[in-house]
Undergrad: 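Quick one: the structure is below, questions incoming.
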Amino acid sequence: MTKYKETRKLDDRFAPADIERRALDFWEADATYRFDKEAERANTFVVDTPPPTVSGSLHIGHIFSYTQTDVMVRYNRMRGKSVFYPIGWDDNGLPTERRVQNYYHIACNPTVPYDPDFKPVHDPKADKRTEVSRRNFIEACEELTAVDEKAFEDIFRQIGHSYDWSLKYTTIGKKAIRESQKSFLDLVEKGLAKSVEAPTMWDVTFQSAIAQAEIEDRDTPGFFHDIRFRVDGSDTTFTIATTRPEFLPACIAVVAHPDDERYKPFFGKKAIVPLFDIPVPIVPSEHAEPDKGTGIMMVCTFGDTADVAWWKQSGLPIKQIVGLDGRLMPIEYGTGAFVTLSPETAKARYNKLAGLKVKEARTAVVDMLRETGDLLAEPKPLTHPVKFYEKGSVPLEFVSSRQWFISILPYKKELIEMGRKIKWTPAHMQSRYEAWVDGLNQDWCISRQRFFGVPFPVWYAIDEKGLVNYDKPIYAREDQLPVDPMVDTPRGFDEAMRGQPGGFVGDKDVMDTWATSSLTPQIALAHAPLGHKLSLPFDVRPQAHDIIRTWAFYTIMKAFAHEHQEPWHEALISGFILDPDRKKMSKSKGNVVTPIDLLVKHSSDAVRYWAARAKLGIDTAFEEQIMEQGRKLTNKIFNAAKFVFMIVEKSGVDVSKPYINRITDPVDRSFVARLKETVDDANKAFAANDYAFALETTEKCFWDFCDNYLELVKGRAYSDTPDSAVATLMLVLDTLIRLFAPFMVFTTEEIWQCRPWAGNNELSVHRAAYPQSDDFDAVAGDEAVYETAVTVLNLIRKQKAENKRSLKTPIIALEIAAPEKTITWAELVRTDLLNAGNVRPDALFFSPQAGDITLVSCVLGEDEKKPA
RNA sequence: GGACGUGUAGCUCAGUUGGUUAGAGUACUACGUUGACAUCGUAGGGGUCACAAGUUCAAGUCUUGUCACGUCCACCA
């Protein structure tokens with residue numbers, strides 16, 4: 001067992017930095033937050049902590065929500081649970097790659113050979129990006145994430161989060177990769193994961209496929225183009241309004257609503273696409289809405305999701321014109337699907353487009369249309385929603401490619417059902433989850449054409465002609481995991497056969513980062529000490545509401561597929577930080593507040609106080625004044641403790657004896673009843689995950705204690721019969737400190753350890769028992785006594801304040817009227833009232849009356865002159 | 001367009017199952033403390049509880065509608 005410090009005495013001044021240092025060292029040496037692997041599952045509290053993304057710096061929002069979790073976790077620990085509270089860093093994936101590219105000015109080119117001497121350098125002035133090999137790139141990622149993770153860890157430690165750091169993991173770590181690959185193989189075996197050649201949403205900047213959960217609509221300016229189409233074999237024309245004229249060469253059909261009288265005569269005929277003279281069928285389809293645009297529209301491969309859906313059920317061939325790089329691909333017009341009535345013209349025109357970026361091609365096509373007179377009006381500007389990768393800056397394209405998909409659409413019902421087994425706080429977050437699942441219209445594309453991620457444990461055989469057979473992948477065996485198919489070889493092959501006819505190739509893609517993050521329970525268990533008794537479901541999943549659609553959903557999906565049960569009993573959804581001044585702050589450079597600055601400026605406990613004041617799921621304004629309020633509170637707690645210690649020591653009462661049965665005075669027992677009520681409320685609040693109310697009620701009781709109870713008993717505690725008062729002060733302080741402990745973790749530890757009655761090797765307050773109602777059963781008295789005393793005391797104070805006199809002004813005569821019953825209560829506190837109000841002995845009279853307690857008369861004496 | 005949420009003092013927020021005169025912190029004003037207090041206390045000003053209708057003896061709280069804001073989803077010709 002570790003000692004807190006050698007001299008266990010409160011310093012005169014409250015210095016948060018020193019207190020924080022002492023407590024952190026003590027917890028580290030004492031392993032205060034270490035998970036006990038021997039604990040039975042029933043006596044554990046198991047948390048599925050969000051691993052923060054470590055690309056860049058920690059946001060104040062992290063501090064906010066992670067602290068809320070820590071508060072709830074600490075409560076459970078103090079309730080005697082063995083807490084499994086892991087922490088990990090989500091470092092694989094695109095965000096990290098992007099940060100590494102920018103930080104080191106490098107780009108990954110898999111064709112570049114490995115350079116063992118390459119050292120990435122952070123040079124903000126560099127303008128060119130150096131191309132490096134895949135392995136060098138991954139090493140650079142590992143190097144930078146290690147630095148970022150250290151910074152994250154420092155902050156989380158500094159703010160006093162009670163993770164068991166021995167359980168730390170990273171999502172790019174070997175065990176995480178193993179879990180992720182194991183999950184993938186299990187999904188393959190269950191028929192839930194397949195590789196398919198299909199149109200996929202594609203980000204041309206990152207050159208990767210993207211899943212539905214990662215896209216967002218952004219209102220984007222564009223233009224409506226009215227384009228003339230001809231009906232084949234006649235002079236009849238009609239107008240198509242489109243925002244994407246560059247897709248004319250990819251047009252596969254023209255559709256109008258079956259009931260649309262305007263276009264009914266055209267059904268069954270062919271339309272001729274201008275510029276390229278492409279004959280395409282004119283087809284009735286419910287998909288077209290008569291009142292939108294001109295009511296008739298072109299279907300292209302692929303302008304949007306609707307095009308993809310329409311193409312799928314049409315059976316028509318794809319005309320893919322956009323390449324993986326976001327440029328129009330070279331196409332031999334008049335071959336394959338690219339039918340035309342005028343091959344020479346079409347070829348000539350298309351050749352001008354090939355190689356252009358989509359946006360450039362759009363302008364070029366518009367120019368051509370203007371020339372031929374097929375543009376019926378100048379383009380009309382509009383703003384319309386366009387799909388973007390949430391981290392991208394260029395609109396997504398639909399590109400047909402081979403990708404791994406996880407099948408989710410058939411299981412929507414089951415996944416909603418599973419969501420209902422989970423208790424969501426706040427409850428309405430469940431409907432967000434259900435709305436998301438309900439709205440899903442694509443399976444989960446999990447392959448990414450990137451580098452810093454979990455590789456697929458898959459190879460493909462190459463036949464004698466050198467063709468890769470993608471239809472029969474060679475899967476790794478579980479005992480091989482983790483594998484990197486670009487380095488490791490499948491069973492039955494050797495490295496020399498890589499890329500050779502009759503040999504094999506590795507799958508060079510990596511998994512969507514969520515494919516790994518969705519396994520945080522399983523990954524955390526893989527990092528738990530051997531022999532632990534944990535399993536799914538975990539107790540709680542804390543997270544923010546924006547990632548219900550990703551992290552929560554995917555985790556439920558994976559647990560459904562692998563364990564056939566919900567991943568956790570409860571989901572605790574935190575709110576966001578809304579910063580009304582965010583724009584100002586980012587504009588005025590150098591004025592941005594970083595989490596570490598806040599911790600230093602206001603102290604960790606003060607920042608924790610700010611976070612804990614906000615309820616789960618409620619978006620909260622960033623408000624430094626509340627941190628200041630927290631700082632004042634810690635200061636007050638410190639001073640109150642210092643005062644109690646002083647009284648206890650001066651009283652000469654033997655502190656080594658148990659105090660509870662020495663509490664005999666009616667006022668003391670009455671205040672204990674007041675305290676018991678607070679303890680009740682706080683426990684009830686925590687049980688409902690309402691830590692904010694637990695804090696509020698604790699704080700209220702504490703101020704009451706300082707303002708009233710302490711003032712009432714001061715005199716008696718200094719008298720020659722201090723026993724009951726001193727014992728009560730000890731009990732109350734012990735209780736309040738433990739009530740505050742989940743919130744003000746440092747202040748409470750310091751005070752707890754420095755109590756004159758603390759043991760030599762006192763355990764951390766964070767392993768002490770959270771106060772319970774029945775702790776007080778033996779001594780709790782009638783609360784009315786204390787309430788009466790406070791009422792009378794306030795009457796006296798008010799009298800003095802109204803007469804603009806000092807609170808110390810003596811009272812020569814005082815008459816208080818009150819109901820008889822109240823008088824009997826007041827009589828029990830007579831001595832304390834005289835002391836606290838500075839009322840002359842025998843000057844206090846009570847007279848009976850019905851109704852409220854009132855002050856009948858009061859005569860104030862002369863102020864005593866202060867000794868010089 | 002749909003779902004969910006929010007709207008209470010200048011600001012940040014409480015307000016449990018409807019029940020006296022709607023609260024706290026902060027900011028402002030005045031006075032008093034400054035012997036546990038990088039403090040604190042007392043008093044004061046400040047609210048049509050977004051708006052409208054309804055249910056009820058009684059509505060900040062329940063119902064319906066409207067408006068504003070936020071989040072998620074959808075639309076994308």
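Reckoned from all heavy atoms, side chains included, excluding hydrogens, waters and symmetry mates. Letters A, B, ... are given to chains in the order of the sequence lines, protein chains preceding strands, and every chain is numbered from 1.
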Undergrad: Can a side chain N or O of N639(A) be found less than 4.0 Å away from OP1 or OP2 on rA38(B)?
TA: yes

Undergrad: Could you tell me how the ring of F576(A) sits relative to the ring of H545(A): parallel (under 30°), tilted (30 to 60°) or perpendicular (over 60°)?
TA: tilted

Undergrad: Rounded to whole angstrom, note down the P distance from rC40(B) over to rG46(B).
TA: 25 Å

Undergrad: Hunt down the Watson-Crick or G-U wobble partner of rA27(B), both distances under 3.5 Å, from any strand shown, or write none.
TA: none

Undergrad: Taking for each residue the nucleotide of RNA chain B with the nearest heavy atom, is it T243(A) or F14(A) whose nucleotide lies nearer the 5' end?
TA: F14(A)

Undergrad: Using Watson-Crick or G-U wobble geometry with both distances below 3.5 Å, tell me the partner of rG1(B), or none.
TA: rC73(B)

Undergrad: For the P atoms, the ones on rC13(B) and on rG60(B), what distance do you get once it is rounded to whole angstrom?
TA: 23 Å

Undergrad: Determine the interatomic distance between C1' on rC67(B) and the same-named atom on rC51(B); round to the nearest Å.
TA: 7 Å

Undergrad: Which is more 5' along RNA chain B, the nucleotide nearest N441(A) or the one nearest M646(A)? Just name the residue.
TA: M646(A)

Undergrad: Distance between the C1' atoms of rA74(B) and rC62(B), in whole angstroms?
TA: 32 Å

Undergrad: Provide the distance between the two P atoms, one in rC69(B) and one in rG15(B), to the nearest whole Å.
TA: 25 Å

Undergrad: With a 4.0 Å cutoff (strictly under), does any side-chain N or O of R631(A) reach OP1 or OP2 of rU39(B)?
TA: yes

Undergrad: Taking the P atom of each, how far is rU71(B) from rU66(B), in whole Å?
TA: 22 Å

Undergrad: Given the P atoms of rU63(B) and rU17(B), what is the spacing between them in whole Å?
TA: 12 Å

